2 protein chains.
Amino acid sequence: MSKASHLKDIGLKATGPRLTILELFENSETRHLSAEDIYRKLLSDEVDIGLATIYRVLTQFEQAGILVRHHFESGKAVYELNQGGHHDHMVCVGCGTVTEFFDPEIERLQERIAKQHGFAIQDHSLYLYGECAECQSRRAPGKR
Amino acid sequence: MSKASHLKDIGLKATGPRLTILELFENSETRHLSAEDIYRKLLSDEVDIGLATIYRVLTQFEQAGILVRHHFESGKAVYELNQGGHHDHMVCVGCGTVTEFFDPEIERLQERIAKQHGFAIQDHSLYLYGECAECQSRRAPGKR
DNA sequence: AGCCTTTATGATACAGAGAATCACCGCACC
DNA sequence: GGTGCGGTGATTCTCTGTATCATAAAGGCT
């Protein structure tokens, strides 16, 4: 299915900005992008899309399930392509790198805890913050 | 140890606003308070503390380890008394109630995953969002 | 107690992320 | 080829939270 018809299927016109932003996610090295990231990236590519449009499109894509939104500690929201599999995130406080992981055991334990409290989970967020291997050795070479 | 000397020990003068805010946390029904919550609570108690002061004091208390800060999905930061034991949170999207829990197994698994990636955890945040038992039965009485 | 230095306070201005507004544009449909 | 309607982008607004700065209050000292 083409990108254009994919957008139409969810009730959104296949406009220039929307296709551009979608392609940006598909071609980006870094999976996780903030509105600002996208804005600046497009500016440097000589593509002029207003910041308001970017926020709008990101929100629409999130509601349509094309993107998933995360709030890391930075305070600003980042988005990534929704490729089906749920996963959690490990964020390096040194370089900002985001590593994804999935642990079925943790998922199961969360469900068990919720059940114990009569709580119906709709969503959850698990972020590990710390230092990645590269940043550790950069900071203390020789060690470890 | 008195509250006043506790504050002095961490290098903070025992001023009115600081003692008031500390007592508010100790006497509050709801463990988790935002700056706004505190501001409005104090206003209704005829205590006039500037919002700037509240933000400052909260930040200082967090740095001193007296309070712990959380970012739920609401976007605004909430604080709770740091009473030693780490725990995670379950937030009801219906009524906003926050339930605390601790699962040593989940903690252990997080550490294992980090180690597998050579990642040194400094901190983590785990929030479960969903509907609490009360809200479920309120929405669909009779069911479940 | 009274002085004096330091720190805290509160009003206000500012900053940054993101949402709302609104005139204009352009595509789809008649 | 008009016309209607959703989409766009410039701008304004809102909401948290921070920085500024003149004034006030703590706490040490005598």
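Heavy atoms only: backbone and side chains are in, while hydrogens, waters and symmetry mates are out. So you know, we letter chains A, B, ... as the sequences are listed, proteins then strands, and number each from 1. Note that the structure is a prediction, hence the values are computed from the model and not measured.
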Practice task
Give the rounded distance in Å between these two atoms: CD1 of A:I21 and P of D:dG9.
Solution key: 9 Å
Handout entry: Parallel, tilted or perpendicular: ring planes of B:F72 versus B:Y127, cut at 30 and 60 degrees
Key = perpendicular
Exercise for the section: Please identify each residue that fulfils ring-ring contact (aromatic ring centres under 6.0 Å, His included) with A:H87, with sequence neighbours left out. Expected result: A:H89
Completion exercise
Each nucleotide of nucleotides 18-28 of chain D classed B (base within 4.0 Å of a protein heavy atom), S (only sugar-phosphate) or -, in 5' to 3' order, makes BBB-----BS-
Handout entry: Closest non-hydrogen atom pair between A:Y129 and B:S125, with its separation
Key = CE1-OG, 4.1 Å
Fill in the blank from the handout: Closest heavy-atom pair, A:G96 versus A:V91, reported as atoms and distance to 0.1 Å, is O-CG1, 4.5 Å
Fill in the blank from the handout: Atom CG of B:L42 and atom P of C:dT9 are separated, to the nearest Å, by 13 Å
Completion exercise
To the nearest angstrom, the CG-C1' distance between A:L19 and D:dT8 comes to 14 Å
Problem - Separation of D:dG7 C1' from A:L22 CG (nearest whole Å) - result: 17 Å
Completion exercise
A:L33 CG to C:dG18 P, in whole Å, measures 13 Å
Problem - Spacing of A:D37 atom CG relative to C:dG18 atom C1', expressed in whole Å - result: 15 Å
Fill in the blank from the handout: Closest to the side chain of B:I49, out of C:dG10, C:dT7, D:dT8, is C:dG10
Handout entry: Atom-pair distance (CZ on A:F72; C1' on C:dA17), nearest Å
Key = 17 Å
Handout entry: For atom CD of B:E73 and atom C1' of C:dG18, their distance in whole Å
Key = 16 Å
Handout entry: Contact summary for A:I49 and A:P17, nearest pair of heavy atoms
Key = CD1-CA, 3.6 Å
Problem - Expected output: side-chain A:D103 to main-chain A:E105 donor-acceptor under 3.5 Å - result: yes
